[in-house]
2 protein chains.
Amino acid sequence: MNSVRRSSIILVLFAWLVGTVQAADDPLASWNDGAAKQAILSFVVATTDTSSPNYVPPEDRIATFDQDGTLWVEHPMYTQVVYCLDRVPAVVKAKPELAKVEPFKTVLSGDREAIAKLSMDDLFKILAATLTGMSVDEFKAEAEKWLATAKNARWNRPYTDLTYLPMQELLKYLRANGYKTYIVTGGGQDFVRVYSERVYGIPPEQVVGTAGETKYGYRKDGKPFLTKEPKLLLDNNNAGKPEGIHLMIGRRPYAAFGNSTGDRQMLEYTKAGDGARLSMILLHDDAKREYAYGPAQGLPDTRVGTFTQALYDEAEKQGWIVISMKNDWKRIFGFEGKP
Amino acid sequence: MNSVRRSSIILVLFAWLVGTVQAADDPLASWNDGAAKQAILSFVVATTDTSSPNYVPPEDRIATFDQDGTLWVEHPMYTQVVYCLDRVPAVVKAKPELAKVEPFKTVLSGDREAIAKLSMDDLFKILAATLTGMSVDEFKAEAEKWLATAKNARWNRPYTDLTYLPMQELLKYLRANGYKTYIVTGGGQDFVRVYSERVYGIPPEQVVGTAGETKYGYRKDGKPFLTKEPKLLLDNNNAGKPEGIHLMIGRRPYAAFGNSTGDRQMLEYTKAGDGARLSMILLHDDAKREYAYGPAQGLPDTRVGTFTQALYDEAEKQGWIVISMKNDWKRIFGFEGKP
């Protein structure tokens, strides 16, 4: 081997090594270089560098994440709604008179098209029947059992596998920089709490979600327990998100992440704070690797996770950063092979 | 100096040195040796020693503390009520028509006896008028201003100086052992959050308290803000305490600390969990150094912080540990000289 050849090989090896090290060092390795990734990196430097005019002390570093459609797949239907529909046979078994009553009759029919057309009122009846009336411990055990066995049809995997790898990296990156990460979801607080620690590293007390009342009572042996009541306490959608954040956290976040009209007020409230604030909104524009829906930017309309053109225009006006799933993300899921 | 004399001196010096080191090492130095202190030490060993059958993983270590009468002085009147009474003149200035309306008329009269006799309904009117109707930021600024200047009459010190040193030591000791410490108070969540970090090292998101609704809206310049509404969302007393704990924390505590009938359900709920659980209740039996009230154990009756004999009997029956302020605490306040 002559020395030029040897040098070339060494150079190639060196470049490969450096590339590998860089990739391993990149906390946002699944993000393509671009405005979205740069906005995150700049925000973290601006708020954590002690010499920065926008430095934020660690105890104030709060970041809030919507869940459905922001941290994991929400199409064609929210995972919790799938859970509730799956629970209907057990509920009807306990109360056979429901079998002939709508919307339970339609759910039992298994007619997917008819189920997809159920009204919001009907869905609320199903949610109330399947999410309340049991103790908080019974609910937790049931939800855990379902999550361990149920599989998403398209990917044939547990629902908890369908989290977005770039967002998992973002959660870890923010936490490594002193941020306390919260889920702020329109979904059920108790449902998300069942898996949030395991799936996102977010403990139950850092999940803010739609919540019903609970009622304190005693079993026959005198042991106290809490029952989930069919009475809404916190509707954690739209304006309910900043209101829920105030109730549960007590401070304005420095960073917030969402994907639909239900996140608008949280993103507004976050961005309106003093100093450096980051509001980001995920656009599902990747029909091939996940789903494409809006109707912003000419994408197909949807009932689940609506992202209107008005919201897109507000994002531009207010300086929120739009994340394009198609262009900004190298990989979508952790179970995919390396790029 | 003969060698016997020298040995004696060395022994005395050694004993003194060991004593000093022990005191400096004692995380509960303001607690007298006794059943209460021993119960705390045993509980911490049982739940944090990895070889213990009752070991609790760090992420599950939750301890909840009532505030008024448990962490700081509540007699003769809750500090927040003093704040609300002090705010009445400003409220009447903004709404002069209230000057002739009860209970505002009585408060403005300054007649302490008449004020002390106000009914709960009257007090609620005063709380609603002084704690709601402003933005959450305005409320925070007002409460901070008051806390910086108002002084307790008996000790002539800021109210935030009147925390119990033994409980401050207990908070720190539990945190040093991986416990997340929460305040779970019947008082106003937003009020306590103003000073909880500075006074107890407890951040706003770890304060669970009585809370009203907030309402999201926009200023003239388009900036969003939250207004405190006169509508009760969470009445964090009695059964409301375990219900509030479920809403805000999502898990049963391993340790809970209270001092009155309003804490009963929290102490029951905590103690009823599996494994090692610690429920402790503080008896104010020290008229000389603080106050004496019950009416448990023949102590004088009170409207503020009632500790009934029935509650005392339940404590014995359920295995809660009663803390006697008089017998278990060496010092009450941090501002007192060393014993």
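Values reported hereafter were calculated over all heavy atoms of this structure, with side chains retained and with hydrogens, waters and symmetry mates removed. Every chain is numbered from 1 and lettered A, B, ... according to where its sequence line falls, protein lines coming before strand lines.
A salt bridge does not link B:E243 to A:K215: none of the charged side-chain nitrogens sits closer than 4.0 Å to a carboxylate oxygen. Between B:K241 and B:D66, at least one side-chain N (NZ, or NE/NH1/NH2) sits under 4.0 Å from a carboxylate O, which counts as a salt bridge.
The candidate with the highest count of non-hydrogen atom pairs below 4.5 Å against chain B, out of A:K140, A:Q189, A:E59, is A:Q189. No other option in B:K180, B:E213, B:E197 has as many heavy-atom pairs under 4.5 Å with chain A as B:K180.
For A:A211, the part lying near chain B is the side chain, with the backbone staying farther off; criterion is any non-hydrogen pair under 4.5 Å. Heavy atoms closer than 4.5 Å to chain B are found nowhere in A:N238, neither backbone nor side chain.
The heavy-atom pair separating A:I183 from A:Q67 by the smallest distance is CG2-CB, 4.0 Å. Closest approach of B:T48 to B:Y55, counting heavy atoms only: O-CE1, 3.5 Å. The two residues B:L234 and B:G240 make their nearest non-hydrogen contact at CD1-O, 4.4 Å.
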ring-ring contact (aromatic ring centres under 6.0 Å, His included) between B:Y182 and B:F257, intermediate numbers included: CA-CA 10 Å; B:Y182 281 81; B:F257 305 87; over 10 Å; no
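Looking at residues two or more places apart in sequence or on another chain, you find no ring-ring contact (aromatic ring centres under 6.0 Å, His included) involving A:Y254. Judged as a ring-ring contact (aromatic ring centres under 6.0 Å, His included), and not counting sequence neighbours, the contacts of A:Y83 are A:W146, A:F191.
B:T270 and B:R277 form no side-chain donor-acceptor contact under 3.5 Å, judged by distance and modelled atom types alone.
In this structure, the ring of A:W72 has its center less than 6.0 angstrom from the ring center of A:Y195.
Of the possible donor and acceptor atoms, one in the side chain of B:S196 sits under 3.5 Å from a partner among the backbone N and O of B:I202.
Within residues 218-231 of chain A, the residues having any heavy atom less than 4.5 Å from a heavy atom of chain B are, in residue-number order, A:Y218, A:K223, A:P224, A:L226. Residues of residues 259-269 of chain B placed with any heavy atom under 4.5 Å of a heavy atom in chain A are listed by number as B:R264, B:Q265, B:E268, B:Y269.
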